[in-house]
Amino acid sequence: MPYQLVTLGGDGTGPEVMREGLRVLDAVSKVEGIEWTIDDIPCGGQYYLEHGDRDWPKGAEERCSAADLILLGAVGWPSPTGSGPVLMKDGKMAGFSPVIGNRTRLDLFANVRPVKLYEGVRHRIHGANQQVWQPGKVDMVLIRENTEGLYSPTGGKLSPGGRTQVAIDTRVITRRASEQVIRFAFELCRRRDKGAPKDGKKRVTAIVKDNVLHGCQLFAQIFFEIGEEYPDIEKDTAIVDAFTQWLIGQPEFYDVCVTTNMFGDIVTDLASVLQGGMGMAVGGNIGFNNAMFEPIHGSAPRHAGKDKVNPIAMILAVKEGLEWLGSRKDDSRLGRAAAAIEAAVVSTLKAGAPLTYDLVGEEAAARCSEVGEAIAAASVANLRGG
Ligand code: GGG
């Protein structure tokens, strides 16, 4: 039976990186004999501008929930009439439905973002101390609660006379969602083969602002309650503002970190600097029954159509998706394919070419499609034992 894959290319460079992800998926699937039925759903700001009332087609929700695996490129397109992205009539970003809509409707409660500096990649912090970390010193997973917090649809705007005077975003933290994501973090920590690079300790850090915010006090309380079930794992908390400088100054201390939605959105983009930038950073949106994998970068409208941007985050999204589905379906072919893709990414980065401008500069840059072709070929060679 073929697996059902939904692809949501989205806007701008989203479809370009998706093409390379699918090139790699197709290559490894042929070798392993994995069959897919691919349902490509158009979506995003550009779709909304063309269709006027929706950011994806009717019935897309059901198609996503029926899928074995969902891959997302990127959404968001500049408004032709104002500043910022195209917004829908309800004020939401056009592209909301496939991203935040899918996360909440499918209860993809854990946003899982591995932060790993691969050999050969220079981190993107400027200054004299570049290359101060060996690759093995940055190897953590940040987990962001994905369904509530500041993203809860409980706020609104007050616009007397048509002019907005007040805008309210309400941060909702529930016991249920906090328990789910915190337990997920401890379980993942237990499964990871090594602990923190600094000392090998298995450690979960809760990133909070519990000296001020009620929601963070509840989150921290639940963190320690659930933590009692994991005596083998060190429990650590960090105040989010202090965490940002520890993350950059001593990344080797961190193993698994868990936090609320908006804090997670911000600190994971910051963390991508440690791994070579947004072109290298992948995110999984994982629930009990569904999962969606994406590069964490946006649609980069200024680079769209140029075959220029880094497809590695998208290719790693395919790898993460294969790993997740392989373990869910107990299908070792998918696990082998995922391992071959990661090994191909590692060897391409180590070789230093072909890579895109963000990693090697404009002069030495390869095109997005050249990187995809090289990684697809290397993945196949890995599977064939070459
Ligand atoms: N590839 C991810 C993407 O396009 N993200 C757009 C976005 O607006 N994401 C919201 C979020 O991650 O919170």
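Atoms within each ligand, like the ligands themselves, are counted from 1 in listed order. Model, not experiment: these values are computed from the prediction.
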Closest protein heavy atom to atom 12 (O) of ligand 1, given as residue, atom name and distance to 0.1 Å: R103 NH2, 3.0 Å

Closest protein heavy atom to atom 9 (N) of ligand 1, given as residue, atom name and distance to 0.1 Å: V99 CG1, 4.0 Å

Ligand 1-proximal atoms of R144, by part, heavy-atom distance under 4.0 Å: side chain

Criterion side chain to side chain contact (heavy atoms under 4.5 Å, CB included) against I239, the qualifying member of T244, N211, I207: N211

Neighbour count above 12 (heavy atom, 6.0 Å) for E228 CD: no

Crowding at CG, D241 (>12 non-hydrogen neighbours, <6.0 Å): yes

Verdict with supporting geometry, Y230 and E187, side-chain hydrogen bond (donor to acceptor under 3.5 Å, both in side chains): CA-CA 9 Å; Y230 299 87; E187 289 294 328; 2.5 Å; yes

P295 touching ligand 1 at heavy-atom level, < 4.0 angstrom: yes

Contact with ligand 1 for M292, non-hydrogen, under 4.0 angstrom: no

Test of proximity, I296 against ligand 1: N or O pairs below 3.5 Å: no

Any S299 heavy atom less than 4.0 Å to ligand 1: no

Pair H214 + F219: ring centers closer than 6.0 Å: no

Distance from atom 4 (O) of ligand 1 to nearest protein heavy atom, with residue and atom: V75 N, 2.9 Å

Which of the ligand 1 atoms, numbered from 1, are nearer than 4.0 Å to a heavy atom of G73: 1 (N)

Identity and distance of the protein heavy atom lying nearest atom 8 (O) of ligand 1: M93 CE, 3.5 Å

Sole candidate of R192, K202, R191, R203 that passes salt bridge (charged side-chain N to carboxylate O under 4.0 Å, His left out) when paired with D255: R192

Side chain to side chain, F243 and Y254, heavy atoms closer than 4.5 Å: yes

Closest protein heavy atom (residue, atom, distance) for atom 2 (C) of ligand 1: E294 OE1, 2.7 Å

Any Y151 heavy atom less than 4.0 Å from ligand 1: yes

cation_pi(R105, F96) dist<6.0 Å, angle<=45: no

Aromatic ring proximity, centroids under 6.0 angstrom, F223 and F186: yes

Test item, M262 contacting ligand 1 (heavy atom, 4.0 angstrom): no

